[in-house]
Each structure stands twice: as C-alpha cells, then as structure tokens.
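Treat the numbers as computed from the prediction; the structure is a model and nothing was measured.
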Amino acid sequence: MNACHLAGVAHRDLKVENILLDSQGNVKIADFGFAGPTMGKDGDGYLKTFCGTELYMAPEIHMKKSYVGTQVDIFATGIILFMMVLANPPFGKAIAKDPYYKCVAKGRADLFWKAHTKNFTNGDTLSPEFKDLVEQMLRLEPEKRLTL
C-alpha cells in the first residue's frame, strides 16, 4: 500500500478479497478498479467519488464528504487487520447508527472490545498493542488516523 501511495495512487476498495499472496508468500493488492489519484482529480488532495465496499468504507465516504485517499485506505486496512485476527468484521458499516462503530467513534473502545471478545475461551486475549493499532486505524476523524 505504501508503494501505491508513494506512486500517487489510492486504492479505495481495499478488502480481504483484494489481498492476494504469491507463491513466495508476498502480499499483492488486486483490483484497482476504484483507484484514484492521491492528489484528487482537481489537485486539491481530496477525492469525492462514493465508491468501495460498504463494510470497508471510511465514515467520511458514508457521509458523502470529500476525503483523502490515503486515509480511507488506512481505515480499510484496519478492518482487514481486525478480520485477519478475529475472523469477523468489526462492525456492519462505519456510521453513527452502527452500535459497534459508535463505540469506537465515541471513545468507548472498552465496550467495543468487550463485545468482540466475549466468546474468547482458555484465556485468549488481544494485546493492548493490537487494540491500540486497530483503534488508531479506525478513528472517526481521518486526520487523527495513523499514517504509513
């Protein structure tokens, strides 16, 4: 993803189905059908097209706001990371009505993690570092999300 961003390309449809492994186990990103320029079509640094897969869309896309392509890619990557570890999506959509995303967006991550780990057995736990990483990637405010 960093190579894409450095080349001036935002993917805008990162999802589990678009992450592939080659024969040596290297990650490959596929399906650039919704890719756009990181500088935006007008050169102002913002993209405006409502696109992607709902589960992976950042809240600013759902709100139909202009957005920074690299920031929405980070958000989608946070969802992919969550799904790789917990084998379930973190929420249905990153909107205010979604109870799980609401916990993340409103600073109640403790409730979010409690709900997602209630069926853990045998002392399974998630590290504080993992939780912090995911929370930082899924922030409501795009300018507060982690960057590459």
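Between Tyr100 and Phe112, the two ring planes are perpendicular [angle over 60°; tilted spans 30° to 60°]. Between Phe75 and Phe91, the ring planes are tilted. Angles from 30° to 60° get that label. Ring geometry for Phe82 against His116 counts as perpendicular: the plane angle is over 60°, on a 0 to 90° scale with 30° as the lower cut.
Separation of atoms NZ (Lys28) and CD1 (Ile19) is listed at 12.0 Å; rounding is to 0.5 Å. Taking CG of Asn18 as the start and CG of Asp13 as the end, the distance is 5.5 Å to the nearest 0.5 Å. Between atom CD1 of residue Ile61 and atom CD of residue Gln71 there is a gap of 10.5 Å, rounded to the nearest 0.5 Å. A distance of 8.5 Å separates CD1 in Ile80 from CE in Met83, rounded to the nearest 0.5 Å. Between His11 atom NE2 and Ile29 atom CD1 the span is 6.0 Å, to the nearest 0.5 Å. For the atom pair Leu146 CG and Leu133 CG, the distance stands at 6.0 Å (nearest 0.5 Å).
Phe32 and Val72 are assigned to two separate hydrophobic clusters, defined by single-linkage of ILVMFWY side chains at heavy-atom distances under 4.5 Å. Val104 and Met63 fall within the same hydrophobic cluster, defined by Ile, Leu, Val, Met, Phe, Trp and Tyr side-chain heavy atoms under 4.5 Å apart, directly or through other members. Leu140 and Met57 fall into different hydrophobic clusters, defined by Ile, Leu, Val, Met, Phe, Trp and Tyr side-chain heavy atoms under 4.5 Å apart, directly or through other members. Val68 and Val9 sit in two unconnected hydrophobic clusters of ILVMFWY residues. Membership requires side-chain heavy atoms under 4.5 Å apart, directly or through other members. No continuous path of ILVMFWY side-chain contacts below 4.5 Å connects Leu111 to Phe120, so the two sit in separate hydrophobic clusters.
Within the 4.5 Å cutoff, side-chain heavy atoms of Trp113 are placed close to those of Val134. Within the 4.5 Å cutoff, the side chain of Lys102 has no heavy atoms near those of the Pro99 side chain.
When all heavy atoms of Arg145 and Arg139 are compared, the closest pair comes out as NE-O, 2.8 Å. In plain terms, the two heavy atoms of Leu55 and Ile79 that are nearest each other are O-CD1, 3.2 Å. Closest approach of Ala94 and Ala58 over heavy atoms only: CB-C, 4.5 Å. Shortest non-hydrogen contact noted between Leu47 and Ala10 is CD1-CB, 4.3 Å. The nearest pair of heavy atoms linking Leu20 to Ala30 is CD1-CB, 3.6 Å.
The closest donor-acceptor contact from the side chain of Arg12 to the backbone of Gly52 lies at 3.5 Å or more, if one exists at all. Checking side-chain atoms of Tyr67 against main-chain N and O of Thr49 turns up a donor-acceptor pair under 3.5 Å. Side chain of Ser127 to main chain of Phe130: a donor-acceptor pair is present (N/O by atom type, distance under 3.5 Å, no hydrogens or angles). His62 contributes no side-chain N or O that, together with a main-chain N or O of Ala96, makes up a donor-acceptor pair within less than 3.5 Å.
Of the candidates Thr38, Thr147, Asp73, Asp73 is the only one forming a side-chain hydrogen bond (donor to acceptor under 3.5 Å, both in side chains) with His5.
Within a 6.0 Å radius of OH in Tyr46, no more than 12 heavy atoms belonging to other residues, nucleotides or ligands are found.
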Full working for side chain to side chain contact (heavy atoms under 4.5 Å, CB included) between Met1 and Ile74: CA-CA 9 Å; Met1 189 169 51; Ile74 293 291; 4.0 Å; yes
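With respect to the salt-bridge test (charged N to carboxylate O, under 4.0 angstrom), the residues Lys15 and Asp31 do not qualify.
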